[in-house]
Amino acid sequence: MADVLTVRAALELEVFTRTEMRVYAGERNLDRPVRWVHTGEIPDIHRFLTGQEMLLTAGLGMGETPLQQRAFIRRLADAHAAVLVIELAGRVFDVMPEAVIEEAEAAGLPLVGLTDEIPFVEASAQVHEVLVGMRVKQLIAEEATSQAFMDLLLADEDYVGVVRELAHRTGHAVVLEDVSHQMLAYGGATPEADEVVNGWSTHSRAIHERHHPLVTHNPRVPTASAASFGEVVPCARQPVVLRGESWGWLHLLHGGRRPSPADLRTLERAAAALAITLLSERESGARASQRQTALLNRLLLGDITGERFVSLALTLGQDLRGRELIVVTACAGDGELCRDHSLARLLQEEGWPAVVGDTGDFDTAVVGLPPGAEATPVQSLLSDHGMRGGISRTVEPAALPLALRQSRSAASVAAAAATEEVRHFDDLGALRLLVALSEGPELRRYVEDELGPLLEHDALVKNPLLPTLRTFLDCGGNKARAAEALFVQRRTLYHRLDKLSDILGLDLTRVDNQQRLQLAVRGHDLLRKPTLRRT
């Protein structure tokens, strides 16, 4: 059974086979959906229509003159009737009036004539029976879909699981991105969708942001077309909203196979499930996508105090009592990935007791140092092994939850750096504020407001200008130093800076503009830290 009842399918029901039937006009629109059946013999029947009705009539209210008949057809078309079915059995008309045919064809209104009378009540009953059956089937399918996403939430699945389930249920590739257009998850991969994902910034920014598409399926689910950008997979997208704020978008890359209304309803339910999952992750402070040790998980969730954590660590063979405590959040760099518990092994080889757990992209460790020791040896050890990460201040057991946040903030900055580095929380400076803002939508909005036009420009060209802006700002606005660092002539740099000023609408020679852009660039780098998960 199809997802919707079309005019064509309705006219194939048994009651309409009892007589000879002919389509006089609007044949190109026979695949319009039929939402209801209405009968009437009054001139102003259009006032009682709300759209997508099949209107059955003997023609008593259509009028006797061509002018009245044309006006009747226009009113029905303006009321968005799905089809007009007229009996031509002699009660009013023996043949279809030419004015009616011409006006219906001009308006695109399907016009059907029946040679003999049929019981309109039976026609209504048969159409309504099909519509009710479809609605019941739709409700059953929607209940199954809702239950599937509910099961994922109960199983503590994260957004990757939701994306995977959406791709499975719709048969389309799915991408989840945040409000800064950073891809977070990709499910149901196909070669066609892979090409889009490889140039995601172009698809997300150029297609969706620059070209607002016509809505063809659902007013709340815009569909982007590839019209102006070559061969790009058409896409339906649904916003993911957290506490009234836009968090990101869920994209359904349907390609040439248009999504059904059921697919779009599933997309809406997936976005709702994602909001619950992401809200839970934000409030817990832990990555549900990765396995964590039970003890660190309880500390992250605030289920136990720092003192209780130290006491329970002893049962795991890690004696942290009477030691200087720091929290390390680290992973390996491009050389050796943080696998096989390399962080735990390094700490063990140095003789430092530590509780280490997997908290997602990084390993987190609560490390016990000898009394009076500082974190410098730990920072040097991790740097020597090519790791990225962050280290907290030295704290007492009661302050371990605070130290966890400090180390994760420092690790976020390290993850956004161009080279492997280990950052201490005390060395972050103003970046501490950016890290705190990155947990919500504020930093993403600031980056988009300041750098949006530049990022949009860079998504469409081979020679991006953001690296030039970053180097210029890192050189304190000194053009000579910037040209030397970029290995270009000053004339070339001046040309690039003029173009940057035009794109951003800012005077780059002003110190206040350089400061605001420096924050935006650093925020952009911070938000681009690796978070992609491909299913």
Side-chain angles (χ1 to χ4, degrees), residues 1-41 45-46 48-62 72-73 76-98 100-142 171 216-218 256-265:
M1 184 182 295
D3 195 56
V4 296
L5 178 65
T6 64
V7 173
R8 190 187 309 276
L11 294 176
E12 293 174 355
L13 294 175
E14 184 275 334
V15 67
F16 293 108
T17 65
R18 301 178 189 177
T19 181
E20 184 179 346
M21 179 178 60
R22 176 183 171 185
V23 178
Y24 287 87
E27 188 168 1
R28 64 184 182 277
N29 291 323
L30 288 181
D31 290 321
R32 283 180 175 177
V34 174
R35 185 184 56 84
W36 207 244
V37 179
H38 204 70
T39 62
E41 303 295 342
I45 188 67
H46 65 282
F48 304 99
L49 304 182
T50 58
Q52 298 183 341
E53 289 94 351
M54 169 182 278
L55 178 61
L56 306 176
T57 181
L60 295 175
M62 294 178 61
F72 181 84
I73 296 297
L76 290 186
D78 291 342
H80 304 291
V83 59
L84 173 62
V85 180
I86 304 175
E87 283 184 347
L88 303 176
R91 182 176 300 183
V92 178
F93 302 115
D94 291 318
V95 296
M96 189 70 73
E98 286 299 325
V100 172
I101 297 175
E102 292 175 2
E103 196 65 32
E105 185 63 31
L109 175 66
L111 175 65
V112 177
L114 305 179
T115 303
D116 305 304
E117 292 184 350
I118 62 170
F120 283 174
V121 65
E122 287 192 40
S124 297
Q126 289 190 21
V127 172
H128 291 165
E129 182 180 359
V130 173
L131 290 173
V132 170
M134 286 183 169
R135 182 55 181 160
V136 170
K137 182 181 179 181
Q138 176 184 322
L139 290 174
I140 293 174
E142 290 179 358
T216 56
H217 304 298
N218 186 323
R257 183 162 59 94
R258 296 165 68 91
S260 67
D263 290 339
L264 298 180
R265 289 191 293 268

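It should be emphasised that the depicted structure is a prediction, and the values quoted were computed from it without experimental measurement.
By the side-chain hydrogen bond (donor to acceptor under 3.5 Å, both in side chains) test, Thr57 pairs with Glu41, sequence neighbours left out. Listed by chain and number, the residues in a salt bridge (Lys or Arg N to Asp or Glu O under 4.0 Å) with Glu20 amount to none (sequence neighbours excluded). Taking the side-chain hydrogen bond (donor to acceptor under 3.5 Å, both in side chains) definition, one finds that Glu117 meets it with Arg91, sequence neighbours left out. Residues satisfying the ring-ring contact (aromatic ring centres under 6.0 Å, His included) criterion with His128, sequence neighbours excluded, are Trp36. In this view, Ala123 and Val15, Phe16, Leu56, Ile118 satisfy the side-chain contact (heavy atoms from CB on, under 4.5 Å) rule, not counting sequence neighbours. Residues satisfying the salt bridge (Lys or Arg N to Asp or Glu O under 4.0 Å) test with Glu102, not counting sequence neighbours, are Arg70. Residues forming a side-chain hydrogen bond (donor to acceptor under 3.5 Å, both in side chains) with Gln126 (at least two apart in sequence, or on another chain): Glu14. Here Asp116 pairs with Thr19 under the side-chain hydrogen bond (donor to acceptor under 3.5 Å, both in side chains) rule; sequence neighbours left out. Evaluation of the salt bridge (Lys or Arg N to Asp or Glu O under 4.0 Å) rule for Glu122 yields Arg18 as partners, not counting sequence neighbours. A search for side-chain contact (heavy atoms from CB on, under 4.5 Å) contacts involving Ala262 returns Asp3, Ser260, Arg265, not counting sequence neighbours.
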Task: Test side chain to side chain contact (heavy atoms under 4.5 Å, CB included) applied to His46 and Asp78, step by step - done: CA-CA 8 Å; His46 65 282; Asp78 291 342; over 6 Å; no
Task: From CA spacing to verdict: side chain to side chain contact (heavy atoms under 4.5 Å, CB included), Val7, Asn29 - done: CA-CA 8 Å; Val7 173; Asn29 291 323; over 6 Å; no
Open item on the list: Pair Leu111, Ile86 - check side chain to side chain contact (heavy atoms under 4.5 Å, CB included), show working.
Closed with: CA-CA 8 Å; Leu111 175 65; Ile86 304 175; 3.7 Å; yes
- [ ] Any chance you could lay out the side chain to side chain contact (heavy atoms under 4.5 Å, CB included) test for Val4 and Met134, step after step, and finish with the verdict?
- [x] CA-CA 7 Å; Val4 296; Met134 286 183 169; 5.5 Å; no
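The nearest pair of heavy atoms linking Gly90 to Asp94 is CA-OD1, 3.1 Å. Heavy-atom minimum distance, Leu49 versus Ala81: CD1-CB, 4.2 Å. The minimum heavy-atom distance linking Val34 with Ala82 is given by the pair CG2-CB, 4.2 Å. Smallest separation of non-hydrogen atoms from Ser124 and Thr39: OG-CG2, 4.2 Å. Residue Val100 comes nearest to Met62 through the heavy atom pair CG2-CE, 3.6 Å, listed as atom of the first residue, atom of the second, then distance. In plain terms, the two heavy atoms of Leu84 and Ile73 that are nearest each other are CD2-CD1, 3.6 Å.
Sorted pairs that involve residues 80-90 and meet salt bridge (charged side-chain N to carboxylate O under 4.0 Å, His left out), not counting sequence neighbours, are lacking altogether. Identified under the salt bridge (charged side-chain N to carboxylate O under 4.0 Å, His left out) test for residues 23-34, with sequence neighbours left out: Arg8-Asp31, Arg28-Glu105.
Atom CG of Leu5 sits about 12.0 Å away from atom CD of Glu129, to the nearest 0.5 Å.
Counted within 6.0 Å of NE2 on His38, heavy atoms from surrounding residues, nucleotides or ligands total more than 12; the atom is thus considered enclosed.
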